[in-house]
Amino acid sequence: MLDVKLLRNQFDEVKEKLAQRNEDISALDTFSDLDEKRRQTIQEVEELKSRRNKVSQEISQMKRDKKDASSVIEEMQQVSTEIKKLDDQLREVDEELNHLLLRIPNIPHESAPIGADEEDNEEIRKWGDIRSFSFEKKAHWDLATDLDILDFERASKVTGSRFVFYKGLGARLERALINFMMDLHEDKHGYTEVMPPYMVNRDSMTGTGQLPKFEEDAFKIREEDYFLIPTAEVPVTNMHRDEIMPIENLPTAYTAYSACFRSEAGSAGRDTRGLIRQHQFNKVELVRFVKPEDSYEQLELLTSQAEKVLQLLELPYRVLNMCTGDLGFTAAKKYDIEVWIPSNETYREISSCSNFESFQARRANIRFKRDKKAKAEYVHTLNGSGLAIGRTVAAILENYQQEDGTIEIPEVLRPYMGGKDTISK
RNA sequence: GGAGAAGUACCCAAGUGGCUGAAGGGGCGCCCCUGCUAAGGGUGUAGGUCGCGUGAGCGGCGCGAGGGUUCAAAUCCCUCCUUCUCCGCCA
């Protein structure tokens, strides 16, 4: 959510910046009228309430003095009726304004390149050497099916499309990656481990920005107003919803493993094979609550910590600075980390590291105080995948495949794989 | 899932229609006394947010949340949420 005061005082500048996004912001034009009407109504109704409070005191005094107050009471009846009417109006305007504000995306940071879509994302660095194969390389779903470590067919029988069974060393690899990443972030990068609920309520989904605009992307629990989490970002960020965090706790850094659930509405037919796009996948997430003045420095740190995982796994990747048209709804700045997927002969997103500035904090009401007397300010929130596990498995299978169809296990994972160095039949 | 009880400021807690922004403790700040410590006395302090105003300030809201009754609600009514106790079910 944007700062109403900013919107009020610098409407044209804000609108101009929002126009750099690839989104329809025409609804914004009603803002000024709504804001004006709201403030006017508040003034009217508060004046009446002030009067009512004053006269109520007088009535109570008259009652105590055993004087007749009936004429004043009669007058106040009318005032109260008027108050009720104005309160209703105010509620309506508030609702409209809120509806509008919750659907306005974040303002892009000036360092985000201006552009329309993914074509305009800026590659800022590359790491690792892309392997050239001396034999016919295979896609990860073929490798995995041959090795009997992934079973897509049975998963679609048991559930449906875009689900998978991991089996044997496949399941072990997935679990090894989770533990390896969690250990790295906890022991080397100083994060506190969190295991969150996999379902959250509507307020939480609104707090991090998945709602109200993107409800069709989430799985909804039928009997409750709960949603399956699309990422651990939602429960972990909302841990501190409606809180004032002690300044000495900033930055607060959490890492959380969770399963993630996405309806993938609108991506029918894309990445139908393999692990790239599933309705349920595992992810290790990094979340940081920081002071506003630190947030861009913290974004670099967070991104480097996600990159570290790929470096240790020795998987080639590149980092993109996402352009204004491809930032998504909530981010002011976002780096995507893309890992090399040989079968695609391209890089594919494996992590997304974002600075939301105060956009989520304002929605979720997460604040801090510089000292006891100071006014509460909104924190800045950041998060990033560190990393998406399924896509990491895909990258490992493809990048570490050998001519005989077996998979060499990256060295850092071997302690987590019972000392094995190869996945074979 | 059933039956009961409760939710008041940083914490505990009083308060069944007007004199309650809310008694009383604790805590916290300052002062005094006791050469230290323990203890004692005095005194001060109560959140957040919205609107108006350049500002000092003025005003609205606020007793779990949201509605309602009333001239007036912490107090009466309705809905919801959370916590606790008992019962049932259960990994």
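All values below were derived from every heavy atom in this structure, side-chain atoms included, with hydrogens, water molecules and symmetry-related copies excluded. Lettering of chains follows the sequences in order, A, B, ..., and the numbering in each one begins at 1.
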Is there a donor-acceptor contact under 3.5 Å linking the side chains of [X] and [Y]?
X	Y	result
A/His185	A/Thr255	no
A/Arg363	A/Gln360	no
A/Glu174	A/Asn282	yes
A/Tyr254	A/Glu285	no

In terms of heavy-atom contacts, does [atom1] of [X] have more than 12 from other residues, nucleotides or ligands at under 6.0 Å?
X	atom1	answer
A/Gln61	CD	yes
A/Glu216	CD	yes
A/Phe11	CZ	yes

*Examine distances only and state if a side-chain atom of A/Asn121 and a backbone atom of A/Cys323 form a donor-acceptor pair shorter than 3.5 Å.*
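The answer is yes, because a donor-acceptor pair under 3.5 Å joins these two groups.
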
*A/Gln57 or A/Val4: which one's nearest nucleotide on RNA chain B is closer to the 5' end?*
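The residue mapped nearer the 5' terminus is A/Gln57.
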
*Taking for each residue the nucleotide of RNA chain B with the nearest heavy atom, is it A/Gln43 or A/Ser50 whose nucleotide lies nearer the 5' end?*
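First, find each residue's nearest nucleotide; the 5'-ward one identifies A/Gln43.
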
Classify [X] by what it touches in the nucleic acid, base, sugar-phosphate, or nothing, heavy-atom distance under 4.0 Å.
X	result
A/Ile59	base
A/Arg367	sugar-phosphate
A/Lys49	sugar-phosphate

Could you give the [atom1]-to-[atom2] distance, from [X] to [N], as a whole number of Å?
X	N	atom1	atom2	answer
A/Met1	B/U49	CE	C1'	13 Å
A/Arg202	B/C81	CZ	P	15 Å
A/Asp87	B/G66	CG	P	13 Å
A/Lys5	B/G51	NZ	C1'	10 Å
A/Asp203	B/U82	CG	C1'	14 Å
A/Arg51	B/C58	CZ	C1'	18 Å
A/Asn53	B/A72	CG	P	10 Å
A/Leu90	B/G66	CG	P	14 Å

Distance, [atom1] atom - from [M] to [N], rounded to whole angstrom:
N	M	atom1	value
B/G4	B/C78	P	14 Å
B/C87	B/G64	P	30 Å
B/A72	B/A13	C1'	27 Å
B/A3	B/C10	C1'	35 Å
B/A74	B/A65	P	12 Å
B/G68	B/G62	P	12 Å
B/C58	B/U82	P	41 Å
B/G17	B/C76	P	8 Å

*Which glycosidic conformation, syn or anti, is assigned to B/G25 if syn requires a torsion within 90° of zero?*
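It is anti.
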
_Is the ring pair A/Tyr191/A/His189 parallel, tilted or perpendicular, if the boundaries are 30 and 60 degrees?_
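A/Tyr191 vs A/His189 ring planes: perpendicular.
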
_If the cut-off is 4.0 Å, is A/Arg39 near the phosphate of B/C52, judged by side-chain N/O to OP1 or OP2?_
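It does, given that an N or O in the side chain of A/Arg39 lies less than 4.0 Å from OP1 or OP2 of B/C52.
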
*Is the distance from OP1 or OP2 of B/G59 to the nearest side-chain N or O of A/Arg52 less than 4.0 Å?*
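Indeed not, no polar side-chain atom of A/Arg52 lies that close.
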
*What about A/Glu46, does its side chain sit under 3.5 Å from the base of B/G59 through a donor-acceptor pair?*
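Answer is yes: a donor-acceptor pair is held.
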
By nearest atom, which of the nucleotides [options] is closest to the [X] side chain?
X	options	answer
A/Arg38	B/G48, B/A72, B/C50	B/C50
A/Lys63	B/A72, B/G51, B/G18	B/G18
A/Arg91	B/G67, B/C71, B/G60	B/G67

_Wobble G-U and Watson-Crick pairs count when both distances are under 3.5 Å; given that, what is the 5' to 3' dot-bracket string of RNA chain B, with | for pairing to other strands?_
((((((((.[[[..)..(.....]]].(((((.......)))))...(((((....)))))..[[[[[..)....]]]]])))))))....

_Regarding A/Arg414 and A/Glu408, does a basic nitrogen lie under 4.0 Å from an acidic carboxylate oxygen?_
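So A/Arg414 pairs with A/Glu408 through a salt bridge.
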
*So, A/Asp88 and A/Lys85, do they make that salt bridge, N to O below 4.0 Å?*
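Here A/Asp88 does not pair with A/Lys85 in a salt bridge, since their nearest N and O are not under 4.0 Å apart.
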
*Near RNA chain B, which residues from residues 72-85 of chain A have a heavy atom under 4.0 Å away?*
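Heavy-atom contacts with RNA chain B come from A/Ile73, A/Met76, A/Gln77, A/Ser80, A/Lys84.
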
*Got a second to check how far A/Leu169's CG is from A/Ser424's OG, nearest 0.5 Å?*
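It is 7.5 Å, given to the nearest 0.5 Å.
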
